[in-house]
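Have a look at the structure below, then the notes.
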There are 2 protein chains.
Amino acid sequence: MPDHSPGQPLRLTRQRQAVADALEDDDQFRSAREIHAVLRERGNAIGLATVYRTLQLLADHDEVDVIRSADGEAGYRRCSDTHHHHLVCRTCGATVEVEGPAVERWTRAMAEEHGYDEVSHTLEIFGVCARCR
Amino acid sequence: MPDHSPGQPLRLTRQRQAVADALEDDDQFRSAREIHAVLRERGNAIGLATVYRTLQLLADHDEVDVIRSADGEAGYRRCSDTHHHHLVCRTCGATVEVEGPAVERWTRAMAEEHGYDEVSHTLEIFGVCARCR
DNA sequence: GTGAATGCAAACGTTTTGCACAGAA
DNA sequence: TTCTGTGCAAAACGTTTGCATTCAC
């Protein structure tokens with residue numbers, strides 16, 4: 001349930017549409033720069049600052065997930081309906097989505113046990129995939 | 001079991017000792033800037049770059065945990081011996097260590113199921129603690 | 001004495017912001 | 001016509017790096 005409370009008008013522009021489309025076409029986490037590059041390649045002129053502003057807007061409205069990689073770059077991905085995690089190859093970057101109620105339950109239980117509310121979590125699994133071994 | 005393999009000599013300097021001490025006195029995640037400020041306050045002159053270099057060194061030797069906050073700043077904290085995860089308050093940053101074999105088993109199982117090897121994982125739980133609510 | 005470690009400042013890459021202009025509504 | 005959204009370039013931010021100097025060994 002995205003917030004969509006139009007305290008401000010929220011205009012539909014070509015650029016916002018383009019960023020949303022780019023995210024729709026992709027189920028990997030992408031950096032702002034990658035998204036910007038893809039749009040330019042498609043001939044869709046857009047400023048990097050606008051990409052950032054749009055991504056932040058989408059994040060505020062819970063329409064994209066944001067992840068922070070170890071090097072400090074932020075990755076953005078459209079929210080899928082089901083919550084899941086990523087199994088990433090350390091060598092080639094190949095990503096598999098995994099999900100399971102076990103972790104979800106465990107994290108929530110841990111949080112409640114310590115009196116924490118409004119719980120969310122991030123979990124990434126790293127390894128070396130079969131092909132890279 | 002820190003690596004301590006002295007391919008390079010690894011010298012004990014006043015500055016490295018100071019950073020290690022600062023981490024020892026604290027069981028919260030602290031940014032490099034915070035650590036730098038604390039040391040200066042104590043009259044322990046040290047350059048910010050040295051703080052960064054030392055923290056990176058400690059991280060390489062698995063002597064500190066590194067966490068990435070949403071705003072891109074890195075947090076450092078001394079490692080405890082057992083593998084565990086963190087329950088962090090989104091508002092005040094209060095951190096609780098949690099551990100449990102359930103997640104460990106689950107991540108390993110998921111990785112193996114997809115043919116991944118040399119598995120590691122990162123898991124952070126975020127919420128709002130009782131005091132901040 | 002030798003080479004690793006430091007400090008400083010400059011460089012770096014990512015993200016944010018100020019401002020004049022463009023374009024949805 | 002209005003006022004949000006955009007582009008650009010500059011600034012800000014955390015972090016890294018080059019280099020002359022210092023200091024642990």
Side-chain angles (χ1 to χ4, degrees), chain A residues 3-23 29-61 63-77, chain B residues 3-23 28-61 63-77 93:
Chain A
D3 185 29
H4 272 194
S5 60
Q8 283 83 288
L10 208 341
R11 296 183 174 173
L12 182 60
T13 63
R14 178 180 59 78
Q15 290 89 336
R16 286 184 181 168
Q17 190 65 57
V19 171
D21 287 351
L23 289 166
F29 281 92
R30 297 298 180 192
S31 70
R33 261 213 350 279
E34 285 174 323
I35 292 169
H36 181 239
V38 167
L39 293 180
R40 289 246 148 140
E41 273 173 29
R42 292 185 187 171
N44 211 333
I46 184 172
L48 181 56
T50 301
V51 173
Y52 274 108
R53 279 189 276 234
T54 304
L55 288 171
Q56 189 169 289
L57 198 70
L58 290 171
D60 289 344
H61 288 254
E63 283 167 24
V64 298
D65 285 330
V66 186
I67 204 182
R68 283 267 165 194
S69 61
D71 69 348
E73 210 179 17
Y76 302 87
R77 211 197 48 162
Chain B
D3 186 26
H4 272 195
S5 59
Q8 284 83 286
L10 205 341
R11 298 183 174 175
L12 181 59
T13 64
R14 178 179 59 78
Q15 291 88 335
R16 283 184 182 167
Q17 192 62 58
V19 171
D21 287 350
L23 288 166
Q28 297 273 69
F29 282 92
R30 297 297 179 193
S31 71
R33 261 212 350 278
E34 285 174 323
I35 293 168
H36 181 239
V38 167
L39 293 180
R40 290 246 146 142
E41 274 173 29
R42 292 185 188 172
N44 212 332
I46 185 173
L48 182 54
T50 302
V51 174
Y52 274 109
R53 280 188 276 233
T54 304
L55 288 171
Q56 190 170 288
L57 198 70
L58 291 170
D60 288 347
H61 288 253
E63 284 168 23
V64 298
D65 285 331
V66 186
I67 204 183
R68 284 265 165 197
S69 60
D71 70 348
E73 212 178 14
Y76 302 87
R77 213 198 48 163

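Chain letters run A, B, ... following the sequence lines, proteins first, then strands; residues in each count from 1.
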Mind calculating the distance between [atom1] ([X]) and [atom2] ([N]) to the nearest angstrom?
X	N	atom1	atom2	value
A/R40	D/dT6	CZ	P	14 Å
A/R68	D/dC13	CZ	P	15 Å
B/I46	D/dT22	CD1	P	18 Å
B/L55	C/dA5	CG	P	15 Å
B/D60	C/dA5	CG	P	13 Å
B/L48	D/dT17	CG	P	14 Å
B/F29	D/dG14	CZ	P	19 Å
A/N44	D/dG7	CG	C1'	14 Å

Could you measure the distance from the [atom1] atom of [X] to the [atom2] atom of [Y]? Nearest 0.5 Å is fine.
X	Y	atom1	atom2	answer
A/Q17	A/Q15	CD	CD	11.0 Å
B/R14	B/D21	CZ	CG	12.0 Å
A/H36	A/N44	NE2	CG	10.0 Å
B/I35	B/Y76	CD1	OH	8.0 Å

Any donor-acceptor pair under 3.5 Å from A/R77 side chain to A/R30 backbone: no

Donor-acceptor under 3.5 Å (B/R68 side chain, A/A70 main chain):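 Flag set: sc B/R68 to bb A/A70 pair under 3.5 Å.
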
Can you figure out which of [options] approaches the side chain of [X] most closely?
X	options	result
B/E73	C/dT15, C/dC8, D/dG14	D/dG14
A/A74	D/dT6, D/dT15, C/dT15	C/dT15
B/R33	C/dT14, D/dG14, D/dC8	D/dG14
B/Q15	C/dG7, C/dT17, D/dT15	C/dG7

Where protein sits on nucleotides 19-25 of chain C, one letter per nucleotide: B base, S sugar-phosphate only, - none, heavy atoms under 4.0 Å: ----BBS

Phosphate contact (C/dT15 OP1 or OP2) by A/Y52 side-chain N/O below 4.0 Å: yes

N/O (side chain, A/Q56) to phosphate O (OP1/OP2, C/dT16) under 4.0 Å: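 For C/dT16, OP1/OP2 do have a side-chain N/O of A/Q56 under 4.0 Å.
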
Side-chain donor-acceptor pair present, A/D60, A/Q56, cut-off under 3.5 Å: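 No pair is found: no donor N or O on one side chain lies under 3.5 Å from an acceptor on the other.
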
